[in-house]
Visitor: 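Below: one structure in structure tokens.
In what follows, chains carry the letters A, B, and so on, assigned in the order in which the sequence lines appear, proteins first and then strands, with residues in each chain numbered from 1.
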Amino acid sequence: MLTTRPRGTNDILPGEVEKWRYLEDQMRRICREYGYSEIRTPIFEHTELFLRGVGDTTDIVEKEMYTFIDRGNRSVTLRPENTAPVVRAYLEDKLYALPQPVKLYYIGPMFRYDRPQAGRFRQFHQFGVEVFGSDDPAIDAEVMAMSMDFYRRLGLHNLELHVNSVGCPQCRPVLIQKLQEYFRPHLEELCKNCRERFEKNPLRILDCKEPRCGDIGIAAPTTVDCLCSNCSDHFNEVKKNLELMDIAYQEDRRLVRGLDYYTHTAFEIVAPDIGAQSSVGGGGRYNGLVEICGGPPIPGIGFALGIERIILAMQRQNLSFGDAGGTDVFIVTANQAAAGEAVRLLFKIRSAGISADKDYMNRSLKAQMKYAGKAGAGYTVIIGEDELKQGTALVRNMGLGQQESVPLGEVVNFLKEQGLGN
RNA sequence: GUGGGUGUAGCUCAGGUGGUUAGAGCACCAGAUUGUGGCUCUGGGGGCCGUGGGUUCGAGUCCCAUCAUCCACCCCA
């Protein structure tokens with residue numbers, strides 16, 4: 001146990017961490033372009049926030065939270081998602097006093113006590129955005145367009161954008177009633193879960209994966225059948241805006257989100273080739289959430305993307321994560337007498353903004369060359385007896401296999417002339 | 001929470017029906033007439049066989065438990 005990490009967590013090692021940094025760079029860039037500012041909230045919150053915000057009948061709250069009592073006897077929970085915390089910050093820090101809409105993004109770890117499998121971990125990472133203060137359908141479309149734009153920039157293809165409207169407090173009771181009327185005669189045939197859902201949240205029966213429940217529900221009334229005129233207009237405008245941007249989507253009348261706070265627009269982005277956990281992102285509108293959390297009735301919408309799943313999908317599609325970057329220059333010494341000069345020169349090269357390294361393992365010249373080759377050094381700078389006498393160094397281009405003698409004082413300039421450093 | 005697969009060297013894996021010093025490839029380190037990497041060749045270091053019990057004269061191999069991991073259900077990003 002001492003040397004094993006907790007189940008469902010990961011070490012991100014050199015070689016892997018560069019991918020994360022590449023993705024994080026892309027996230028920050030697109031957020032700047034779409035007008036989003038970063039917000040960082042705590043990793044843990046008062047448990048009550050998630051009970052109220054996410055919904056106490058959701059699976060996340062009922063069985064997946066890392067909740068514990070701290071030394072001050074407070075119940076706190078490692079955040080299982082970040083919409084509720086951002087809403088909390090929006091209220092606590094009075095961001096409603098800023099010009100609206102307020103557009104925020106976050107990148108960070110989330111925690112859910114799930115059974116790990118492909119694309120699912122107990123500590124996983126999300127990139128998400130939240131927009132407060134506007135119920136303009138154009139914002140709904142923008143949030144979806146932004147997420148699709150993000151995937152496009154990474155080079156991901158074959159992704160599907162599924163869109164639906166789950167109604168509002170006006171029309172949802174109508175839908176729930178109709179659904180219960182429809183399913184009541186079939187109650188016995190439904191799976192155990194769905195029989196519970198029948199009472200608690202009949203909407204969720206629609207996206208049950210049990211084949212039998214699907215068959216039974218095939219002719220069930222769907223969300224769009226019952227939308228009030230407001231919701232219906234809103235949904236149509238959202239779709240119109242997507243079309244203005246040429247964002248391909250499919251309307252999925254059975255799409256229901258697992259968190260209670262969604263109203264109106266709900267969407268999900270699916271990658272078909274990463275296994276069973278195929279959802280790489282999802283989100284929707286949550287016009288009631290700010291109020292649920294004790295604030296004024298302020299509308300909101302957002303999305304969250306799973307970073308591990310994005311990496312999985314990119315690897316499946318053989319996509320590049322940008323240049324890794326490594327050592328440019330390696331200093332090789334032929335004898336002990338050159339060691340001092342190597343230290344001096346190494347510092348000068350690095351100070352000039354060029355990545356450089358030397359041997360620290362007392363290797364032979366030959367072994368140093370080998371190591372430099374494996375480290376991917378573009379150049380080696382060789383200092384030996386002859387060089388010391390002449391006050392020069394041999395600068396070898398490892399790619400070309402050519403080398404030339406350069407005065408010690410000129411090595412840095414010479415390397416710069418080769419295009420190194422910036 | 002449920003089901004199935006897998007745990008042997010740093011990595012990927014071999015190790016018929018239990019039998020003596022547990023192997024390979026890759027990686028690592030060193031050398032191939034002593035100042036030069038990639039290719040090749042030679043040699044070397046490395047293994048509580050996941051862990052704990054049990055059966056047996058004897059367990060990497062069989063049994064039980066446990067932990068980890070992978071995949072699926074479920075759920076979701």
Visitor: Would you call the rings of A:Phe44 and A:Phe68 parallel, tilted or perpendicular, where under 30° means parallel and over 60° means perpendicular?
Guide: tilted

Visitor: Measuring only the P atom in each nucleotide, how far is B:G4 from B:U17? A whole number of Å is fine.
Guide: 24 Å

Visitor: In whole Å, what is the span from the CD1 atom of A:Ile274 to the C1' atom of B:C70?
Guide: 16 Å

Visitor: Does A:Arg115 make a side-chain N or O approach to OP1 or OP2 of B:C73 shorter than 4.0 Å?
Guide: no

Visitor: Using a 4.0 Å heavy-atom cut-off across all strands, classify A:Gly119 as base, sugar-phosphate, or nothing.
Guide: base

Visitor: When only distance counts, do a donor and an acceptor, one from the side chain of A:Arg120 and one from the base of B:C71, lie under 3.5 Å apart?
Guide: no

Visitor: Indicate, with a heavy-atom threshold strictly under 4.0 Å, whether A:Ala118 touches base, sugar-phosphate, or nothing.
Guide: sugar-phosphate

Visitor: What integer distance in Å separates A:Arg363:CZ from B:U34:P?
Guide: 21 Å

Visitor: Please report, rounded to the nearest Å, how far the P atom of B:G38 is from the CZ atom of A:Phe330.
Guide: 15 Å

Visitor: Indicate whether OP1 or OP2 belonging to B:C29 is found under 4.0 Å from a side-chain N or O atom of A:Lys374.
Guide: yes

Visitor: Measuring only the C1' atom in each nucleotide, how far is B:G31 from B:U12? A whole number of Å is fine.
Guide: 27 Å

Visitor: Could you tell me the Watson-Crick or G-U partner of B:A14, where both distances fall under 3.5 Å? Say none if there is no partner.
Guide: none

Visitor: A:Gly376 near the nucleic acid: base, sugar-phosphate alone, or nothing, with a heavy-atom cut-off under 4.0 Å?
Guide: nothing

Visitor: Taking only the side-chain heavy atoms of A:Asp386 (C-beta and beyond), determine which of B:C73, B:C70, B:G35 contains the nearest atom.
Guide: B:G35

Visitor: What does B:G7 pair with, Watson-Crick or G-U, if both distances are under 3.5 Å?
Guide: B:C67

Visitor: Do the side-chain N and O atoms of A:Glu130 and A:Tyr36 include a donor-acceptor pair separated by under 3.5 angstrom?
Guide: no

Visitor: So, do A:Tyr34 and A:Tyr105 have ring centers that fall under 6.0 Å from each other?
Guide: no

Visitor: What is the ring orientation for A:Phe330 with A:Tyr371, classed by angle as parallel under 30°, tilted 30 to 60°, or perpendicular over 60°?
Guide: tilted

Visitor: Rounded to whole Å, please give me the gap between CE in A:Met369 and P in B:G35.
Guide: 14 Å

Visitor: Check every strand shown and say whether A:Gly275 touches a base, only sugar-phosphate, or nothing at a heavy-atom separation below 4.0 Å.
Guide: sugar-phosphate

Visitor: Please give the distance between the C1' atoms of B:C11 and B:U69 as a whole number of Å.
Guide: 16 Å

Visitor: Which one, B:G31, B:U36, B:C76, comes nearest to the side chain of A:Arg396?
Guide: B:U36

Visitor: Output yes when at least one side-chain N/O atom of A:Lys366 is less than 4.0 Å from OP1 or OP2 of B:G31, else no.
Guide: no

Visitor: May I have the step-by-step check of salt bridge (charged side-chain N to carboxylate O under 4.0 Å, His left out) for A:Arg21 and A:Glu18, ending in yes or no?
Guide: CA-CA 5 Å; A:Arg21 300 224 341 225; A:Glu18 291 79 5; over 6 Å; no

Visitor: For the base of B:U36, is there a side-chain donor-acceptor partner from A:Gln368 under 3.5 Å away?
Guide: no

Visitor: Mapping A:Gly399 and A:Ile307 onto RNA chain B by nearest heavy atom, which one lands closer to the 5' end?
Guide: A:Gly399

Visitor: So what does A:Ala334 touch, heavy atoms closer than 4.0 Å: a base, only the sugar-phosphate, or nothing?
Guide: nothing

Visitor: Could you tell me which nucleotide pairs with B:C28 by Watson-Crick or G-U wobble geometry, both distances under 3.5 Å, or answer none if nothing does?
Guide: B:G44

Visitor: Report the base-pairing partner of B:G35 (Watson-Crick or G-U wobble, both distances below 3.5 angstrom), or none.
Guide: none

Visitor: Take atom C1' in B:G58 and the same atom in B:C13, then report the distance between them in whole Å.
Guide: 27 Å

Visitor: Rounded to whole Å, please give me the gap between CG in A:Asn10 and P in B:A68.
Guide: 14 Å

Visitor: In whole angstroms, how far is the C1' atom of B:C76 from the CZ atom of A:Arg112?
Guide: 6 Å

Visitor: Determine the interatomic distance between P on B:U20 and the same-named atom on B:G38; round to the nearest Å.
Guide: 40 Å

Visitor: Applying side chain to side chain donor-acceptor pair (under 3.5 Å), run through A:His234 and A:Asp140 and close with a yes or a no.
Guide: CA-CA 10 Å; A:His234 185 93; A:Asp140 301 46; 3.0 Å; yes

Visitor: How close or far is atom P of B:G35 from atom CD1 of A:Ile382, stated in whole angstroms?
Guide: 13 Å

Visitor: Could you check whether the side chain of A:Gln117 and the base of B:C74 have a donor-acceptor pair of N or O atoms closer than 3.5 Å, going by distance alone?
Guide: yes

Visitor: A:Gln403 near the nucleic acid: base, sugar-phosphate alone, or nothing, with a heavy-atom cut-off under 4.0 Å?
Guide: base

Visitor: For B:G15 versus B:C57, give the span between their C1' atoms, rounded off to a whole number of Å.
Guide: 23 Å

Visitor: Are the ring of A:Tyr371 and the six-membered base ring of B:G37 within the stacking cut-offs of under 5.5 Å and under 30°?
Guide: no

Visitor: Write down the distance between CD (A:Glu81) and P (B:A77), rounded to a whole number of angstrom.
Guide: 8 Å

Visitor: For B:A22 versus B:G46, give the span between their C1' atoms, rounded off to a whole number of Å.
Guide: 14 Å

Visitor: With rounding to whole Å, what would you report as the distance between B:G18 and B:U51 at their P atoms?
Guide: 22 Å

Visitor: Quick check with a 6.0 Å cut-off and a 45 degree axis cone: is A:Lys358 positioned over the face of A:Tyr360's six-membered ring?
Guide: yes

Visitor: Treating A:Arg285 as the side-chain partner and A:Thr265 as the backbone partner, does any N or O pair qualify as donor plus acceptor under 3.5 Å?
Guide: no

Visitor: Below 3.5 Å, does any donor atom in the side chain of A:Glu387 face an acceptor in the base of B:G35, or the other way round?
Guide: yes

Visitor: Aromatic contact between A:Phe183 and A:Phe198, with the criterion being ring centroids under 6.0 Å apart: yes or no?
Guide: no

Visitor: Both distances below 3.5 Å, Watson-Crick or wobble geometry, any strand: find the nucleotide opposite B:G1.
Guide: B:C73

Visitor: For A:Asn362 and A:Leu400, take the nucleotide of RNA chain B holding the closest heavy atom to each; which residue's nucleotide lies nearer the 5' end?
Guide: A:Asn362

Visitor: Within the structure shown, what part of the strands sits under 4.0 Å from A:Leu394 by heavy-atom distance: base, sugar-phosphate, or nothing?
Guide: base

Visitor: Is there a side-chain contact between A:Arg7 and the phosphate of B:U69, meaning an N or O under 4.0 Å from OP1 or OP2?
Guide: yes

